[in-house]
Amino acid sequence: MSALEIREATKRFGDVAAVDGVSLEVEPGAFCVLLGPSGCGKSTLLRLIAGLETPTGGRIAIGGRDVTGLEPKERDIAMVFQIYAHYPHLSVFDNMAFPLRVRRIGEPEVRQRVEEAAELLQLSELLKRRPRELSGGQRQRVAIGRAIVRRPKLFLFDEPLSNLDAKLRHQMRAELARLHRHLNATSIYVTHDQVEAMTLSTRIALMNAGRFEQVGSPQEMYDRPATRFAAAFVGSPAMNLIEGRVEGRTFEGAGLRLDVEVQTSGAATLGVRPEDLELVEQGPWSGKVDLVEYLGAETLIHVRCGDLVLVVRTPQASDVEQGRNISFRPRRVHLFDPSGRRIG
Amino acid sequence: MKRSGLWLAAAAVVIYSVAPFLWIVVTSLKPSLEIEARPPMLWPRDLSLESYARAQKGHGVTSLLINSLIVAGGTTLITIPIAALAAYALARLKLRGRRVILSLILVASMFPQVALVHTLYGMIQVMGLVNTRPGLSIPYVMLTLPLAIWILASFFKEIPEDLEDAARIDGCGPVRTLVSVFMPVAAPGVFTAAILTFIYAWNEFFFALVLLTDPARQTLPRGIALMPGRFTIPWGEIAAASVIATLPLVILVLVLQRRIISGLTAGAVKG
């Protein structure tokens, strides 16, 4: 039985379909990330799962129970919001106790559950404070605490880290991963940050314009992007995309040629990840070095080939100089047809 | 240097604003002979409450005070719930023409009172409410609603919707969300709107002059305005009544200002 099953869910606002007939199954204990650019419908989908929005069409089941028409409180879920959404007039303890007290759980158990969660989140010392007296990271931990005291069937996260600064975000990301391992609770996590998606998830559903582009493990997503959109969205620096044509098993575009193993012919896009481009003495491709970015552990070399700039990622500090001509070859490529579907 | 300039400017503003009121307080505490003294004395030689006694005996200042409290309190109690409902709808519903509605509400508050008073008197008369306190509160509600709606709508808009969503997920129904989550957070805004409404109704003079001719129902501003007799102006009684008219507002603002300023939303949102 899946922890969450979405069948053909649609949500329209006027003429616009924010979520356009998507289906998804999430296994118990999975950490599923809804990834996509802003406006792709991922937050709306999360709100449909939460019951904060009513779907225009389709069904949603949580733990095998159809919840499509139910109120959020009847769905046995907890949600962590981007802005934390604390109750500012209540102390940290009362904030975390609130969902339990609303459900008329006895005060001794409330105390026990809140203290347990506080322990887990290192909030024990702060229970008497007001949310406004806490730092950003502490506030976010309170919001998470309020979710875990409930012991819900499903955790929902709506971009919970996007208000934190980079360092804190990194730290909270690791804490979330640790927390998920500890609780093993099924989680649905919305983000536009592909690094968060890659590091936290067991499964990624990549959304674009209200539909899923690809659903799979982080590795599948990275190694075999199903569409051109997925190829461009996942990975940093982004995959190099070269527009061109395939004729008789040869791809040609922007003055670059490559033998490929596909049967079709016609317009196509060739994708190469920066780390799949290798510098060689004498190679099939060459170009002029436009820019060298030294990042410490690696170096990014921007190479101009005609109108196109390709990024090459090399692990070592490179002695390549700007303006010089260099040769390189692709180790692994991805090929997409004009509609964006993967063909090889 | 810059600092002391700021202090000087602040002191000037405070003296400018407070001095007239202090003069009224001092005058109200002078025995009648000293009030007329030339040159005027800055401080009374003998503190005396005789002006207060005469204001009560000759002009019934306590009944004016009670009338004012009833009219202004009643106005506030009617205006704020109506304004809160309207403002909540304007802040939260995805209404087409929301801005137009808000502008029209503002326009409604722009008519000069003189332009309204004629028809208003006719309407209040038809309702049989001339010379009654409700007959004054009803126009006051009309006059104070636009401002209250504007204050509350902009305040409610600042309260993140996620807060209400969180309450729904935590298990609250609409009523519980309103009472346990929304109202505590919105309280500073509600108090601000309530105080301004109360002050407006408390100070209003023109409608009170037209709609209340019965001395037993008059409010303080009208009562004070009618104190001067044909040959004498009883400065002592006027000063005493003015102090009595001002004190409730001062107390109200001092008591509630912490609630207003406390900015309870801090912590609910980022930063």
Side-chain angles (χ1 to χ4, degrees), chain A residues 13-14 43 46-47 49-53 71-92 94-105 129-136 138-140 142-143 146-147 149-150 152 154-156 158-159 162-164, chain B residues 84 88 91-99 152 154-194 255-271:
Chain A
F13 296 106
S43 283
L46 193 75
R47 293 173 66 84
I49 298 169
L52 294 170
E53 305 276 358
E71 273 289 300
K73 63 176 176 185
E74 299 160 330
R75 296 186 176 207
D76 202 4
I77 50 163
M79 186 156 166
V80 178
F81 292 84
Q82 180 181 353
I83 57 137
Y84 321 145
H86 298 124
Y87 306 125
H89 54 292
L90 300 178
S91 69
V92 168
D94 290 335
N95 258 283
M96 287 166 68
F98 188 84
L100 301 175
R101 287 179 178 155
V102 172
R103 276 158 224 277
R104 296 174 197 285
I105 286 169
R129 302 236 193 131
R130 291 287 175 95
R132 65 168 169 274
E133 298 163 341
L134 304 181
S135 72
Q138 289 167 339
R139 286 183 197 181
Q140 194 50 281
V142 175
R146 214 174 65 197
V149 292
R150 287 264 325 279
L154 199 59
F155 282 97
L156 306 176
D158 189 5
E159 308 222 18
S162 52
N163 272 349
L164 304 176
Chain B
Y88 189 78
R92 284 293 188 261
L93 296 183
K94 289 174 184 86
L95 276 178
R96 210 174 275 241
R98 205 180 66 84
R99 299 186 73 137
L152 290 175
S154 55
F155 197 88
F156 289 174
K157 258 188 97 69
E158 292 299 308
I159 298 174
E161 275 181 67
D162 282 0
L163 211 57
E164 287 149 84
D165 287 344
R168 272 179 79 188
I169 288 178
D170 281 349
C172 298
V175 176
R176 178 116 195 207
T177 304
L178 188 71
V179 173
S180 304
V181 176
F182 194 79
M183 287 317 286
V185 177
V190 174
F191 277 113
T192 309
V255 168
L256 293 180
Q257 81 167 343
R258 284 190 54 189
R259 295 226 62 158
I260 301 168
I261 302 170
S262 63
L264 270 169
T265 42
V269 285
K270 185 197 174 192

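A note on names: the letters A, B, ... follow the listed sequences, proteins ahead of strands, and every chain is numbered from 1. Keep in mind it's a predicted model, so treat the numbers as computed, not measured.
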Nearest heavy-atom pair of [X] and [Y]: which atoms, and what distance?
X	Y	answer
A:Ala78	B:Ile169	CA-CG2, 4.1 Å
A:Leu52	B:Arg168	O-NH1, 3.8 Å
A:Arg146	B:Ala166	NH2-CB, 3.3 Å
A:Val102	B:Gly171	CG1-O, 3.2 Å

Measure A:Arg75 against the heavy atoms of chain B and call it side chain, backbone, both or neither at under 4.5 Å.
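No part of A:Arg75 comes within 4.5 Å of chain B.
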
Between A:Glu133 and chain B, with a heavy-atom cut-off of 4.5 Å, which part of the residue counts as in contact: side chain, backbone, both or neither?
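Contact with chain B involves no heavy atom of A:Glu133 at all.
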
Looking at CG of B:Asp170 and CZ of A:Arg103, how far apart are the two atoms once the value is rounded to the nearest 0.5 Å?
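If we round to the nearest 0.5 Å, B:Asp170:CG and A:Arg103:CZ are 7.0 Å apart.
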
Euclidean distance, A:Tyr87 OH relative to B:Ser180 OG, rounded to 0.5 Å
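Here the interatomic distance stands at 9.0 Å.
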
